[in-house]
Amino acid sequence: MVDSVLNQEWMKKTQQWVKEQQVPDTSAKLYDLQELLRFHEKAYYVRNKPLITDAEFDLLFNLLKKAEEAHPDWITPDSPTQRVGNSLNEGFATVSHLVPMLSLENSYDAADLTDWDRKVRELGKTDSASYCVEPKFDGASISIIYENDRLVRSATRGDGVEGDDITMNSRQIKNLPLYAPFSRWGIQTIEIRGEVLMTKNAFNSFNIQLQEKGLQVLANPRNAAAGTLRMKDPAEVGKRKLEAFLYHVSEVSLFPEGLQKADEILPLPDTHFGMLQMLWEAGFRSPVAEAKTFPHIKDVIDWCTSFETGRDELPYEIDGMVIKVNLLALHDRLGMTTHHPRWAIAYKFKARQATTRLHSVEFQVGRTGAVTPVAKLDPVSIGGVTVSSISIHNEEYIREKDLMLGDTVTIERAGDVIPQIVRTLPELRDGSQSPILFPKHCPVCESDLFKEEEEAVWRCVNVECKAQVVERMAHFVSKDALDIKSFGEQQIKKFYESGILKDIPGIYQIDYNLLKNLEGFGKKSIDNLQSAIEASKKQPLHRLIYGLGIRHVGETTAKALAQRIEHLLDLRLLTIDQLMEMEDIGPKVANSITGFFSNEQNLEMLQHLENLGLNLLREKSEQISDGKLKGRSFLFTGTLTQFKRSDAEAMVEKAGGQILGGVSSKLHYLVVGTDAGSKLEKARKIPTIRILTEQEFLNVIAYDQEN
């Protein structure tokens with residue numbers, strides 16, 4: 001409890017510094033900031049339990065650095081800016097690095113890199129410099145020594161001068177060679193730097209195993225890698241599937257003349273990129289495949305910017321790029337400070353994590369009656385977006401994450417851009433926290449909530465519940481359903497509360513004279529709404545099916561259903577087994593469809609809609625064509641740049657092809673845009689799926705049209 005109170009006090013100070021972002025203007029404030037950074041260094045490096053994100057630590061560090069640059073007389077020998085690294089972990093033997101493991105200077109935008117390039121050219125006394133750019137791996141730093149071609153020692157970064165001896169654990173890393181033929185280059189002893197990490201797939205698989213055993217899951221791949229390296233049991237280390245990327249040669253000693261092992265000695269590279277190639281040829285996983293060299297800093301900036309957009313496609317986590325002067329001779333001229341080498345700099349990507357406080361929870365009701373808890377947070381900026389609300393999904397999620405009101409939490413915006421809570425920080429609890437109590441009654445209509453045996457979601461089953469009625473109507477008129485333009489959720493809510501609208505058929509029975517009394521509805525907007533509603537009656541059948549909001553029925557399934565029937569009410573005649581014969585329909589979807597069409601109120605609503613003029617018949621355009629793509633299935637993922645997804649799907653269907661809703665062995669083609677995520681990774685594991693770029697897809701379509 002004492003530790004918790006102390007942690008809470010430190011975190012209050014941290015949040016104040018992060019919020020104000022003021023460079024210390026007195027020596028007293030500067031020393032307070034030094035102490036705060038030391039606290040977080042210990043949490044990260046010694047306890048292996050970071051309490052703030054990397055971006056927040058960097059922000060504090062840079063505030064201290066700027067203050068010390070403005071007031072050199074305030075600098076103390078034990079300042080975090082003057083130390084190479086951080087504390088060591090107890091329980092491991094301590095060993096010295098041949099060359100200190102320095103930190104990297106950080107940059108966050110093009111201006112920082114341009115300024116660094118200027119310094120490189122001025123200090124290096126050169127008109128131009130070429131650069132090598134490689135990913136900044138988000139793992140655990142490691143230093144390895146080979147003597148006479150054999151691995152003899154591995155160590156953590158430690159305080160930069162000394163590290164923990166983890167040789168036995170490092171030998172469990174499968175892609176780290178125990179023997180490497182450095183003697184081919186005349187090398188007797190070599191010290192190599194790199195990063196140990198856990199891939200996204202390995203991390204997810206390991207967390208699943210932990211969950212199955214009822215154990216606490218790991219926070220992220222980087223912490224998992226760092227913690228694994230410090231485990232006492234090497235056999236356990238081997239189970240975690242760590243990988244090592246080696247990216248820097250820090251020290252080389254050659255064999256004395258006459259003692260060289262190789263008959264023909266290869267010349268040592270004179271560039272950093274050449275060193276990466278040498279490591280690759282010696283059997284290491286160096287980033288030579290990912291690295292690129294550029295003659296100008298502008299090209300470096302362009303590459304860093306483009307690489308950031310594709311970071312989620314990589315199988316491992318990165319948090320930026322590292323830019324290094326390519327010519328090794330220039331490294332010697334530039335030298336280093338006590339903190340970082342002058343010949344390298346890190347370009348940090350936009351922060352995707354932040355810490356904040358969960359102060360309350362609101363329970364929202366969706367169109368299917370699902371009650372979703374939404375965490376209300378102290379607003380925090382992450383990736384350029386201010387986040388103050390995050391879905392926490394369901395009761396089980398709250399329990400698994402051990403969330404309480406008043407908790408300090410780490411949030412993240414990853415590939416989906418939808419923020420998620422990564423973890424809570426129970427070590428910061430001070431006794432003021434309280435449990436999150438899930439309601440037993442609907443927060444809107446107060447009806448009893450129910451939960452099906454195999455589901456995690458509580459639902460309100462009152463079909464007259466205001467929240468569900470409004471949400472169902474909003475879905476019905478949405479762009480991918482009946483597409484009634486200028487008729488969004490806010491207008492529907494206003495109409496509902498005014499008594500003008502009460503259900504879906506009521507959309508086609510609006511008394512437009514009543515709209516004149518509502519703010520924002522003039523003659524032109526009323527006429528436009530009336531025209532849009534009237535036009536929606538002619539929408540194709542699959543849009544109507546999707547607009548009904550049947551649970552588990554998305555756009556793709558709606559299209560499949562529309563192709564199977566002549567009239568919408570024919571669906572009431574299909575059995576669960578008949579539905580499951582259709583592509584992409586399993587028992588859950590089939591049960592949902594039969595449940596909807598066995599409900600008399602739903603059938604009456606559909607009959608009412610038909611009487612009001614809506615199209616319930618399949619049109620010819622919805623029938624499967626006999627094009628060249630008949631029998632071939634497609635799926636699109638990522639952001640498409642050459643065409644809209646809906647247009648691409650229409651091209652496939654026009655050529656007789658089929659659109660699937662997910663990746664499976666039934667899929668023939670996956671068309672990949674930018675920022676593709678889990679679907680691409682899953683497809684790569686199924687050899688029968690052909691992965692296409694947008695241009696390759698267009699070539700397939702063009703071939704079909706020509707033949």
J.: In chain order, what residues pass the salt bridge (Lys or Arg N to Asp or Glu O under 4.0 Å) check against Arg193, with sequence neighbours excluded?
T.: Glu191
J.: Looking at CZ of Phe349 and OH of Tyr108, how far apart are the two atoms once the value is rounded to the nearest 0.5 Å?
T.: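 Separation between the atoms: 13.0 Å.
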J.: Determine yes or no for a side-chain-to-main-chain donor-acceptor pair under 3.5 angstrom, with Asn175 supplying the side chain and Ala244 the backbone.
T.: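 Yes.
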J.: Is the distance between the ring centroids of Phe61 and His339 less than 6.0 Å?
T.: yes
J.: Going by distance alone, is a donor N or O of one side chain under 3.5 Å from an acceptor N or O of the other, for Glu56 and Thr355?
T.: yes
J.: Run the salt-bridge test on Arg38 and Glu35 with the 4.0 Å N-O cut-off and return the result as yes or no.
T.: yes
J.: Nearest 0.5 Å please: distance from the CE atom of Met101 over to the OG1 atom of Thr156.
T.: 8.0 Å
J.: Is the cationic atom of Lys119 (NZ for Lys, CZ for Arg) positioned less than 6.0 Å from the six-membered ring centroid of Trp116 and within 45 degrees of its normal?
T.: no
J.: Would a distance-only check, ignoring hydrogens and angles, find a side-chain to backbone donor-acceptor pair under 3.5 Å from Asp407 to Met404?
T.: yes
J.: Is the centre of the Phe245 ring less than 6.0 Å from the centre of the Phe284 ring?
T.: no
J.: Centres of the Trp343 and His248 rings: under 6.0 Å?
T.: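 Yes - the distance between ring centres of Trp343 and His248 falls below the 6.0 Å cut-off.
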J.: Please report the interatomic distance OG1(Thr199) to CD(Glu317), rounded to the nearest 0.5 Å.
T.: 10.5 Å
J.: For Asp164, run the salt bridge (charged side-chain N to carboxylate O under 4.0 Å, His left out) check against Arg230, Arg157, Arg153 and tell me which one passes.
T.: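 That would be Arg230; it is the only one of Arg230, Arg157, Arg153 passing the salt bridge (charged side-chain N to carboxylate O under 4.0 Å, His left out) with Asp164.
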J.: Between Lys348 and Asp58, is there a salt bridge with N-O shorter than 4.0 Å?
T.: yes
J.: How many angstroms lie between atom CD1 of Ile390 and atom CD of Gln420, to the nearest 0.5 angstrom?
T.: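 That separation rounds to 7.0 Å.
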